[in-house]
Amino acid sequence: MIRFGLCCTFRDEPIKFCTTTVAAVSKMERADALQKLSRLCLSNADALYAALQFCAANGIGCFRVNSQILPLKTHAECGYNMAELPEAETIVARFKQCRTFSRKHNLRTCFHPDQFVVLNSQKEEVVERSLQEIEYQAEVAAWIGADVINIHGGGAFGDKQLALSEFARNLNRLSARARKRLTVENDDVTYTPVDLLSLCRAEGIPFVYDVHHHRCRPDEYSIEEATVHALATWKNREPLFHISSPLEGWNGPKPRRHHDFIDIADFPDCWKELDLTVEVEAKAKEVAVLRLKEILSPGNNRRHSSQCSPPTPKRQ
């Protein structure tokens, strides 16, 4: 059975995650800044709980947590340890309530760090910052029960094999808590499934297969072959893949850009009978997930139409 995943935010639902800027926080006295950050973290813990409630009520089985769930957590100047926040214990307790709720309702949570996370960068400061970001997200992942922290392969720097060797070497600098959650995904510019699968097999890293990226940057594998090889990298965990559609169609000028919704023709037939988490990377967010879920629901005689309207969302 397919578990559909919603990514980070909502289009129509009044569930909002708070953030702030370095410019705003740096102007404040440290104590005042920590008070503000503490308030934002607590608000985001509550928003995550509300997001999970929405997912449970609407049959959305996975929620991707925004990387700024703890705003500015790893920033060089404005960052903080949890112990510095005035409401640290309450914040952690609220996040752990999300884990309890997720387990009760069979929900999956995951993370997808921002593009600045590059484990094989040629700049040591970038690698250090990347490790810090992964470790922070692993800390929150432990609180909420998330099992995936998904990153890209990084740069090639003129030599893919050497770059992937550096990626593998830097894996050893991660804590066990972070390492066991780490996954790697193909991208639409540099690394294809063929490039990454040997790394995944050698290092025991699950491979997150993004079929849109593969269509933008194809290799010798068909979608069916890439699917089979990706599934084999997931040991004792449900595989997680990505789906999206091009904004202006496959013949448009920039097929890498994501559409608001998923064209059902882009959903691989070979996925439909799998036990699989499919994160829906579409700009219409929960509306797009509910529409795709409805189109693919058993017995839906309109499931081959990409124009099928989604059901009205349920609220708990």
Side-chain angles (χ1 to χ4, degrees), residues 7-9 17-26 33 37 40-41 44 63-82 109-142 144 146 148-160 162-175 177-179 181-192 195-196 199-200 203 205-208 210 212-213 216-217 240 242 244 254 256-258 279 281 283:
C7 298
C8 302
T9 59
F17 293 90
C18 302
T19 188
T20 187
T21 64
V22 172
V25 172
S26 61
L37 290 164
L40 294 178
C41 291
N44 284 347
F63 186 76
R64 181 193 294 176
V65 181
N66 190 299
S67 294
Q68 286 297 311
I69 193 78
L70 303 184
L72 305 182
K73 177 68 169 64
T74 61
H75 190 270
E77 298 174 1
C78 302
Y80 48 92
N81 295 317
M82 288 304 297
T109 50
C110 59
F111 286 84
H112 193 359
D114 296 326
Q115 294 295 321
F116 69 78
V117 172
V118 181
L119 275 189
N120 61 359
S121 174
Q122 295 179 309
K123 297 180 179 180
E124 177 58 24
E125 62 269 24
V126 174
V127 176
E128 286 286 351
R129 187 181 176 197
S130 299
L131 293 168
Q132 291 172 9
E133 186 71 10
I134 293 170
E135 292 293 349
Y136 136 60
Q137 294 187 30
E139 180 179 22
V140 182
I144 68 175
V148 167
I149 300 173
N150 180 49
I151 65 174
H152 289 284
F157 310 112
D159 187 333
K160 280 187 179 181
L162 179 60
L164 291 177
S165 295
E166 282 299 298
F167 184 103
R169 185 177 67 84
N170 286 324
L171 289 175
N172 296 324
R173 299 168 65 179
L174 290 169
S175 67
R177 178 173 65 184
R179 179 69 173 77
R181 291 178 166 88
L182 199 75
T183 64
V184 65
E185 173 193 350
N186 59 303
D187 62 76
D188 54 15
V189 176
T190 306
Y191 289 108
T192 71
D195 293 328
L196 293 175
L199 168 75
C200 291
E203 300 297 330
I205 306 172
F207 178 62
V208 173
D210 188 308
H212 187 160
H213 290 167
C216 290
R217 185 165 178 76
L240 186 150
H242 291 172
S244 48
K254 296 180 179 180
R256 293 186 177 95
R257 295 194 295 181
H258 291 184
E279 288 191 313
E281 297 188 324
K283 293 181 180 179

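Checked by atom type, the side-chain pair H242/E185 shows a donor-acceptor distance below 3.5 Å.
What you find for A156 and A163 is that their closest heavy atoms are O-CB, 3.5 Å. When all heavy atoms of C41 and P71 are compared, the pair lying nearest together is SG-CD, 3.9 Å. Contact detail for A23 and S26: the closest heavy-atom pair is O-OG, 3.2 Å. Nearest heavy atom pair, residue T183 against residue V208, reads OG1-CG2, 3.4 Å. Considering all non-hydrogen atoms of both residues, P113 and N150 come closest at CD-O, 3.0 Å. Taking each heavy atom of C200 and F207 in turn, the nearest pair found is SG-CB, 3.7 Å.
No donor-acceptor distance shorter than 3.5 angstrom exists from the side chain of R64 to the backbone of C110, with no hydrogens or angles considered. When atom types are taken as modelled, the side chain of Y136 and the backbone of S67 share a donor-acceptor pair closer than 3.5 angstrom. Here the side chain of D187 pairs no donor or acceptor atom with the backbone of G153 at under 3.5 angstrom. Side-chain atoms of N120 do not come within 3.5 Å of backbone N or O of E166 as any donor-acceptor pair. The backbone N or O of Q137 lies less than 3.5 Å from no partner atom in the side chain of K73, so there is not a single donor-acceptor pair. The main-chain N or O of V118 is found under 3.5 Å from a side-chain atom of S130 such that the two form a donor-acceptor pair. In terms of modelled atom types and a separation under 3.5 Å, the side chain of N44 and the main chain of C18 share a donor-acceptor contact. A distance-only check finds a donor-acceptor pair linking the side chain of R181 to the backbone of A146 [under 3.5 Å].
Atom CZ of F167 is separated from atom CZ of R169 by 12.5 Å, given to the nearest 0.5 angstrom. Here the CG atom belonging to L37 is positioned 9.5 Å from the CG atom belonging to L70, to the nearest 0.5 angstrom. Separation of atoms CG (L164) and OH (Y191) is listed at 4.0 Å; rounding is to 0.5 Å. How far CG of L119 is from CD1 of I151: 4.0 Å, rounded to the nearest 0.5 Å. Between atom CD of residue Q132 and atom OG1 of residue T74 there is a gap of 6.5 Å, rounded to the nearest 0.5 Å. Taking NE2 from H75 and CD from E77, the interatomic distance works out to 5.5 Å, rounded to the nearest 0.5 Å.
At least one side-chain heavy atom of L131 sits under 4.5 Å from a side-chain heavy atom of L174. Using a 4.5 Å cut-off on side-chain heavy atoms (C-beta onward), R179 and L171 make contact.
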Quick one: do H152 and V117 satisfy side chain to side chain contact (heavy atoms under 4.5 Å, CB included)? Show the steps, please.
CA-CA 8 Å; H152 289 284; V117 172; over 6 Å; no
So K123 and E128, side chain to side chain contact (heavy atoms under 4.5 Å, CB included) or not? Walk me through it.
CA-CA 9 Å; K123 297 180 179 180; E128 286 286 351; over 6 Å; no
Checking E279 against L240 for the side chain to side chain contact (heavy atoms under 4.5 Å, CB included) test, could you report, in this order, the C-alpha distance in whole Å, the side-chain angles of both residues, the deciding distance, and whether it holds?
CA-CA 7 Å; E279 288 191 313; L240 186 150; 3.7 Å; yes
Output, in order, the C-alpha distance, side-chain angles, deciding distance and verdict of side chain to side chain contact (heavy atoms under 4.5 Å, CB included) for V25 and L72.
CA-CA 9 Å; V25 172; L72 305 182; 3.8 Å; yes
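Within the cation-pi definition used here (under 6.0 Å to the ring centroid, within 45° of the axis), R129 qualifies as a partner of F116.
Remark: E135 does not engage R173 in a salt bridge, criterion side-chain N to carboxylate O under 4.0 Å.
A tilted orientation is assigned to the rings of H213 and H258, their planes being inclined by 30° to 60°.
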